[in-house]
Amino acid sequence: MSWTIIATWRMALEGVQEGAKLLEYKGNSEDAIEKAIKMVEDFPYYKSVGYGGLPNENGEVELDAAFMDGDSLSIGAVAGIKDFKNPISIARKLSEEKVNCFLVGQGAEDYAHKNGFERMNMLTDRAIIQYKNRLKETVDKGLSPYSGHDTVGMVALDQNNSMASGTSTSGLFMKKRGRTGDSAISGSGFYVDSEIGGATATGLGEDIMKGCSSYEIVRLMKEGYTPQEAADKAVGQLNDLLIKRRKKAGDISVVCINNKGEFGVATNIEGFSFVVATDNLTPTVYVCSSKKGKTSYEVATSEWMDNYMKKRTAPLKLK
Ligand code: GLY
């Protein structure tokens with residue numbers, strides 16, 4: 001039987017490797033998604049997800065995450081949650097509730113505490129250095145404070161044809177307290193229906209929300225488009241619409257799979273990377289480029305892979 005797991009960005013590789021092992025041995029898509037995203041959340045050098053995520057303008061790490069079960073369409077989500085180790089697990093637990101499935105801030109923290117989730121200070125020394133440097137640059141050079149939005153988003157199909165999706169992010173670096181983007185919003189940052197397929201997005205949440213990109217991709221797959229056609233069409237249309245109406249489009253990148261395990265990817269930026277594994281493909285990192293609304297991708301070279309990790313783990317100094 002076939003299975004697939006796909007995720008945004010190279011940072012998902014180690015998680016996808018573990019998720020793939022579960023799927024290969026007939027584990028379910030929900031467990032694969034949770035396990036894989038937890039691994040990304042736990043790795044301190046990824047500065048846009050979980051532990052080590054960059055803080056808001058007040059120096060606080062506020063995290064967003066969501067989980068969706070493609071069989072029941074159950075959704076759980078948290079936004080602006082502080083001081084809990086694995087927001088994806090809290091989101092998954094919320095997806096089992098009948099009501100009160102999307103909690104923000106203090107409400108999400110109360111729920112996590114009551115349900116025994118592990119508390120943790122998510123602000124690392126490395127993130128503090130980046131925060132202080134950025135504050136200085138913002139003042140010295142007049143830079144915009146907003147940058148960095150590499151959400152991890154995943155979709156999986158298991159051998160029982162069940163699908164699930166999840167997201168986790170610290171959102172925009174230097175965001176306003178309480179700001180949330182697309183990642184916790186159903187239809188924007190993620191959507192999955194086991195009878196059709198699933199999609200997840202990364203990029204500038206404020207713009208992705210304008211196109212409900214993940215739902216749009218699933219809707220297009222339902223209409224008969226292949227995952228690749230659906231992804232290119234949804235990203236291309238939103239990009240063009242934003243340029244027409246607002247003169248500018250933020251970063252938008254998506255990955256998706258249909259319920260046969262075929263995948264698609266689209267982006268309006270250079271250098272978007274993603275990871276995919278199937279029953280026929282060992283976990284592989286690809287790097288994308290986009291020309292005239294069509295996305296192409298190549299296996300990441302070993303040089304690219306080395307540079308990626310070197311850049312993320314390079315020592316940081318206060319400026
Ligand atoms: N895509 C993540 C965010 O905008 O928060």
Side-chain angles (χ1 to χ4, degrees), residues 6-12 33 37 40-41 46-58 60-68 75 77-82 87-88 90-91 102-105 108 122 127 130-131 134 144-155 165-192 198-217 231 234-235 238-239 242 246 248-256 265-269 271-274 288:
I6 194 164
T8 56
W9 304 110
R10 149 67 185 92
M11 66 179 157
I33 290 286
I37 292 186
V40 187
E41 289 178 338
Y46 296 142
K47 58 187 180 159
S48 51
V49 176
Y51 183 59
L54 293 176
N56 65 16
E57 65 177 11
N58 304 88
E60 304 155 327
V61 182
E62 290 184 318
L63 302 171
D64 303 338
F67 184 88
M68 183 164 184
I75 290 167
V78 291
I81 191 168
K82 287 191 293 219
I88 188 63
I90 303 165
F102 184 179
L103 298 176
V104 304
M122 302 298 272
Q130 294 187 66
Y131 173 75
R134 189 67 177 180
S144 156
Y146 301 105
S147 72
H149 36 67
D150 298 356
T151 301
V152 65
M154 298 196 190
V155 188
S165 178
T167 60
S168 187
T169 187
S170 52
L172 293 183
F173 182 23
M174 292 286 185
K175 64 191 177 183
K176 293 277 178 213
R177 181 183 277 155
R179 176 266 182 198
T180 192
D182 59 304
S183 304
I185 309 288
S186 164
S188 287
F190 66 95
Y191 196 80
V192 62
T200 184
T202 174
L204 184 65
E206 281 76 358
D207 276 0
I208 293 167
M209 286 193 276
K210 295 180 178 89
C212 300
S213 300
S214 295
Y215 184 81
E216 177 62 4
I217 290 167
V235 170
L238 179 57
N239 182 67
L242 292 170
R246 305 171 62 84
K248 209 173 152 196
D251 295 358
I252 307 165
S253 302
V254 298
V255 294
C256 60
V265 53
T267 184
N268 67 352
I269 61 169
F272 171 59
S273 58
F274 70 100
C288 301

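Note that the numbering runs from 1 along the sequence shown for the chain. Counting starts at 1 for both ligands and their atoms, following the listed order.
Ionic pairing of Glu57 and Lys176 is present here: one or more N-O contacts between side-chain nitrogen and carboxylate oxygen are shorter than 4.0 angstrom.
The two residues Ser253 and Thr267 come nearest to each other via the heavy atoms OG-OG1, 2.7 Å. Counting all heavy atoms, side chain and backbone alike, Ser165 lies closest to Phe190 at OG-CB, 3.6 Å.
Shown in contact with Gly171 at under 4.0 Å from a heavy atom are these atoms of ligand 1, numbered in order with element: 5 (O). For ligand 1, the atoms sitting less than 4.0 Å from at least one non-hydrogen atom of Asp182 are 1 (N), 2 (C), 3 (C), 4 (O), numbered in the order shown with element in parentheses. For ligand 1, the atoms closer than 4.0 angstrom to any heavy atom of Gly203 are 1 (N), 2 (C), 3 (C), 4 (O). Counting the atoms of ligand 1 from 1 in the order shown, those under 4.0 Å from a heavy atom of Ser183 are 1 (N), 2 (C).
Ligand 1 has an N or O atom lying under 3.5 Å from an N or O atom of Arg179, backbone or side chain.
When heavy-atom distances to ligand 1 are checked against a 4.0 Å cut-off, Met209 has no atom that comes that close, whether in backbone or side chain.
Remark: of the listed residues Thr169, Asp64, Asp182, Thr200, Thr169 is the sole one forming a side-chain hydrogen bond (donor to acceptor under 3.5 Å, both in side chains) with Thr151.
Judged by the shortest distance from any of its heavy atoms, Lys175 lies outside the 4.0 Å radius around the atoms of ligand 1.
Applying the side-chain hydrogen bond (donor to acceptor under 3.5 Å, both in side chains) criterion to Glu206, with sequence neighbours excluded, gives Arg179. Among residues two or more places apart in sequence or in another chain, the salt bridge (charged side-chain N to carboxylate O under 4.0 Å, His left out) test is passed with Glu216 by Arg219.
One option in Asp251, Thr151, Asp207 has a heavy atom closer to atom 2 (C) of ligand 1 than any other, and that option is Thr151.
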